[in-house]
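Encoded as structure tokens, the structure appears first; notes follow it.
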Amino acid sequence: MLFALLCKDKPGHLNVRMETRPTHLEYLNGLNAEGTLKIAGPFLDDEGKACGSLIIVEAGSKEAARALADADPYAKAGLFESVEVQAYNWVFNKPEA
């Protein structure tokens with residue numbers, strides 16, 4: 001099952017995002033190699049600066065998806081103000097379809 005991780009950055013924490021980015025990308029590369037990661041990228045504010053993340057993962061349960069979100073180096077660094085885990089149904093432009 002697919003889950004969308006909707007992550008909102010804490011205001012004024014762009015420096016945390018930039019400092020943690022290399023380990024975050026390493027984490028996502030690992031999920032990608034496992035076939036767990038489906039889509040990932042930052043949300044942008046009106047000035048074009050990252051202000052959150054959208055990550056779509058495949059997991060066996062909402063709890064497993066939450067565990068993936070909690071293991072993200074961004075989450076561990078305290079970047080996120082909130083993380084919503086929502087079941088997701090990929091209908092259009094799905095590569096495997």
Between side-chain atoms of residues 44-51 and protein atoms elsewhere (two or more places apart, or another chain), which donor-acceptor pairs fall under 3.5 Å?
| from | atom 1 | to | atom 2 | distance (Å) |
| --- | --- | --- | --- | --- |
| D45 | OD1 | E47 | N | 2.9 |
| D45 | OD1 | G48 | N | 3.0 |
| D45 | OD1 | K49 | N | 2.9 |

> Where is the tightest heavy-atom contact between F43 and C7, given as atom of each residue plus distance?
Replying inline: CD1-O, 4.0 Å
> Taking it one step at a time, do L54 and L6 satisfy side chain to side chain contact (heavy atoms under 4.5 Å, CB included)?
Replying inline: CA-CA 5 Å; L54 169 63; L6 303 161; 3.6 Å; yes
For residues 75-86, which side-chain N or O atoms pair as donor and acceptor with protein atoms under 3.5 Å away, sequence neighbours left out?
| from | atom 1 | to | atom 2 | distance (Å) |
| --- | --- | --- | --- | --- |
| E81 | OE2 | K8 | NZ | 3.3 |

>> Working to the nearest 0.5 angstrom, can you tell me the gap between I39 CD1 and I56 CD1?
In response: 4.0 Å
>> Can you give me the closest heavy-atom contact between A4 and Y88, atom names plus distance?
In response: N-CB, 4.0 Å
>> Quick check for you: to the nearest 0.5 Å, what is the distance between T36 atom OG1 and I55 atom CD1?
In response: 12.5 Å
>> Filter on salt bridge (charged side-chain N to carboxylate O under 4.0 Å, His left out), then keep only pairs touching residues 15-41, sequence neighbours left out; what's left?
In response: D9-R17, K38-E58
> Of all residues at least two apart in sequence or in a different chain, which pass the side chain to side chain contact (heavy atoms under 4.5 Å, CB included) check with N29?
Replying inline: none
> Is there a chain of hydrophobic side chains (I, L, V, M, F, W, Y, each step under 4.5 Å between heavy atoms) that links W90 to V57?
Replying inline: no
> What is the distance from atom OH of Y74 to atom CG of L28, rounded to the nearest 0.5 Å?
Replying inline: 8.0 Å
> Mind checking whether L68 and F3 have side chains closer than 4.5 Å, heavy atoms only?
Replying inline: no
> What residues, two or more places apart in sequence or in another chain, satisfy side chain to side chain contact (heavy atoms under 4.5 Å, CB included) together with A67?
Replying inline: none
> Rounded to the nearest 0.5 Å, what separation is found between the CG atom of N32 and the CG atom of L25?
Replying inline: 11.5 Å
> What pairs with H24 under side chain to side chain donor-acceptor pair (under 3.5 Å), at least two apart in sequence or on another chain?
Replying inline: D72
